[in-house]
**Q** 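Before we start, here is the structure in question, set down as structure tokens.
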Amino acid sequence: MTSAHSPSRRRILALAPAAALVLALTACGSDGGSSSEGAADPAKALDTPTTLTFWTWAPNLDKTVALFEQKYPKIKVEIVNAGQSAAQYTKLQTAVKAGSGGPDVVQVEYFALPELAQSKRLVNLKDYGAAALESKFTSSAWSQVTVNGGIYAVPQDTGPMAMFYNKKLLDELHIEPPRTWAEFETAAAKIKESAPDRYITSIDPGDAGGLDSLMWQAGSRPFQQKGETGVGVDLQDPGAKKVADLWTSLVERKLVDTAPGWTNEWWQSMNSGRYAMWIIGAWAPGNIASTIPTTAGNWRAAPMPQWNAGDDVTAENGGSAVAVPTTSKNKAAAAAFATWLNSDPQAVRSLNANGLFPATTELLKDPAFLDRPVDALGGQQANQVFAASSASVGKGWQYLPFQVYANSVFKDTVGQSFTSGINGGLTAWQKRITEYGNQQGFKVTAP
């Protein structure tokens, strides 16, 4: 299991580790300057000749930006790919510290947002009327752009979890898509019996976001911010232990493969039927279609397995938002652009047509969207599965204000424990996280 896109797209929604990256962000730093322009009016700013620089790695956004420039001809938007995920955040940090050279608008993944917001790198968009947007977005998306009462970005896309399965293979083995994790374990054993080199799925030892999503669905809330400097970390809560115990057992019994995701070998395993399932965010169909087109039609989507029969709880896997750095010289126009890009109905449909799964409630309730056949999944009306998952995301999940670092050491802690016991790896991860957080000026505590 992984939480990213194809080699070029994967960072759009990735929660993958940012190897070797350490953002030198202090808990209460404010070298980015003021977070607002007083009474600046976004509507007036859109009528003032301005050029905005937009840092993003998402493909084909030029098509959506062109719609914006048609509507607001006095605003020009220059799209810059400043690197994907961690690479971009490093450049953003440098630009904010220098006070120049950065963008007016920037794409930020949800897991990295608290880090940038709490260190005063991003504008609080409450100053530009963002609070009025809340009803336009899913509750899970909105909760991920709010930090300590502020609103630091406009949600762009999300990754509600689903179970993608090889229907042709499961039909041959007379296996129904598992509805619970107990049924998943039973199906895993039956799949292994059918061929010794076959697995129900894989779990990536370098993918922090994948395990985070599983824990999220199981009710774990391992990371909690407590004001400006307080941080709670508990990677041994009941939900985390439940996930660790199940997946440790699956790995020990060789029912699940422990392989890095997104490699050529991994995709070959998906293509050949070596892997029967992939539990991942709703953005995955495009990757299936583009990477394994000859067998893409064999795949379908089903709800994520539940811990208790009859439950309906899911989680997010990936997603990003659009923020305004504090060093922007055009904050009002930037805030207006970020708002339009991610909430205007025409813009949202354009983003979705280019592969981003919507965060807006209007599109998620639109029959045309819900009933549209997904060609990548054999014509299944899979958006119905994804929209239902989006509505069932468990509440209360938070990321650390130094999640980028935490993800970067996942592979060396939890990833090393996949064959010896994931609980032990979670303990080691918690120790590394706690030590780092305290060194950065946070007060990190366990229950």
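Numbers here simply count residues along the sequence, with the first being 1.
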**Q** Decide yes or no for R198 and L173: does some side-chain heavy atom of the first lie under 4.5 Å from some side-chain heavy atom of the second?
**A**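 Yes, at least one pair of side-chain atoms sits under 4.5 Å.
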**Q** Is the NZ or CZ atom of K254 both under 6.0 Å from the centre of the six-membered ring of Y199 and within 45° of that ring's axis?
**A**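 No, K254 does not lie over the aromatic ring of Y199.
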**Q** If every non-hydrogen atom of P177 is compared with every non-hydrogen atom of M163, which pair is closest and at what distance?
**A**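 Result for this residue pair: CB-CE, 3.9 Å.
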**Q** Decide yes or no for L351 and D157: does some side-chain heavy atom of the first lie under 4.5 Å from some side-chain heavy atom of the second?
**A**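 They are not in side-chain contact.
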**Q** Going by salt bridge (Lys or Arg N to Asp or Glu O under 4.0 Å), name the residues that satisfy it together with R432, two or more places apart in sequence or in a different chain.
**A**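 For R432, no residue satisfies salt bridge (Lys or Arg N to Asp or Glu O under 4.0 Å) once neighbours in sequence are set aside.
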**Q** Quick one: does W142's side chain get under 4.5 Å of I151's, heavy atoms only?
**A**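 In contact.
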**Q** Less than 4.5 Å apart, any side-chain heavy atom of M270 and any of W299?
**A**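 The answer is yes; the side chains approach within 4.5 Å.
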**Q** Might you confirm whether atom CD of E176 has over 12 heavy atoms from other residues, nucleotides or ligands at distances under 6.0 Å?
**A**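 Count not over threshold, so no.
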**Q** Can you check whether L426 reaches L211 side chain to side chain, under 4.5 Å on heavy atoms?
**A**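 Yes, side chains in contact.
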**Q** Test the K242-W307 pair against the cation-pi criterion, namely NZ or CZ under 6.0 angstrom from the six-membered ring centroid and within 45° of the ring axis.
**A**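 Yes; both conditions hold, so K242 lies above the ring face of W307.
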**Q** Restricting to non-hydrogen atoms, name the atom on A82 and the atom on W55 that form the minimum distance, rounded to 0.1 Å.
**A**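 Taking every non-hydrogen atom into account, CB-CD2, 3.6 Å.
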**Q** Could you check whether atom NZ of K167 has more than 12 heavy atoms from other residues, nucleotides or ligands sitting under 6.0 Å from it?
**A**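 No, not enclosed.
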**Q** Quick one: salt bridge (Lys or Arg N to Asp or Glu O under 4.0 Å) partners of R274, sequence neighbours excluded?
**A**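 Listed in chain order: D257.
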**Q** Ring centres of Y399 and F223 under 6.0 Å apart?
**A**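 No - the distance between ring centres of Y399 and F223 does not fall below the 6.0 Å cut-off.
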**Q** Quick test of your reading of the model: are R221 and D234 salt-bridged, counting only N-O distances below 4.0 Å?
**A**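 D234 and R221: not salt-bridged.
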**Q** Does some side-chain heavy atom of P114 sit less than 4.5 Å from a side-chain heavy atom of Q225?
**A**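 In short, these two side chains touch, coming nearer than 4.5 Å.
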**Q** If you compare all heavy atoms of A335 against all heavy atoms of V324, which two are closest, and at what distance to 0.1 Å?
**A**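 Smallest interatomic distance, heavy atoms only, reads N-CG2, 3.9 Å.
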**Q** Establish, yes or no, whether a centroid distance under 6.0 Å links the rings of F386 and F164.
**A**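 Judged by ring-centre distance (under 6.0 Å), F386 and F164 do meet the cut-off.
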**Q** Any carboxylate oxygen within less than 4.0 angstrom of a Lys/Arg side-chain nitrogen, looking at R253 and E185?
**A**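 Salt bridge flag = yes for E185 with R253.
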**Q** Compare all side-chain heavy atoms of N354 with those of L61 and state whether any distance is below 4.5 angstrom.
**A**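 Side chain of N354 against side chain of L61, heavy atoms only: no contact under 4.5 Å found.
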**Q** With D344, which residues qualify under salt bridge (Lys or Arg N to Asp or Glu O under 4.0 Å), at least two apart?
**A**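 If we apply the salt bridge (Lys or Arg N to Asp or Glu O under 4.0 Å) test to D344, skipping adjacent residues, the hits are K71.
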**Q** Any heavy-atom pair between the side chains of T158 and W283 that's under 4.5 Å?
**A**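 No. Closest side-chain heavy atoms not under 4.5 Å.
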**Q** Which heavy atom of N287 sits nearest a heavy atom of W267, and at what distance?
**A**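 Scanning both residues completely, I find the closest heavy atoms to be O-CH2, 3.9 Å.
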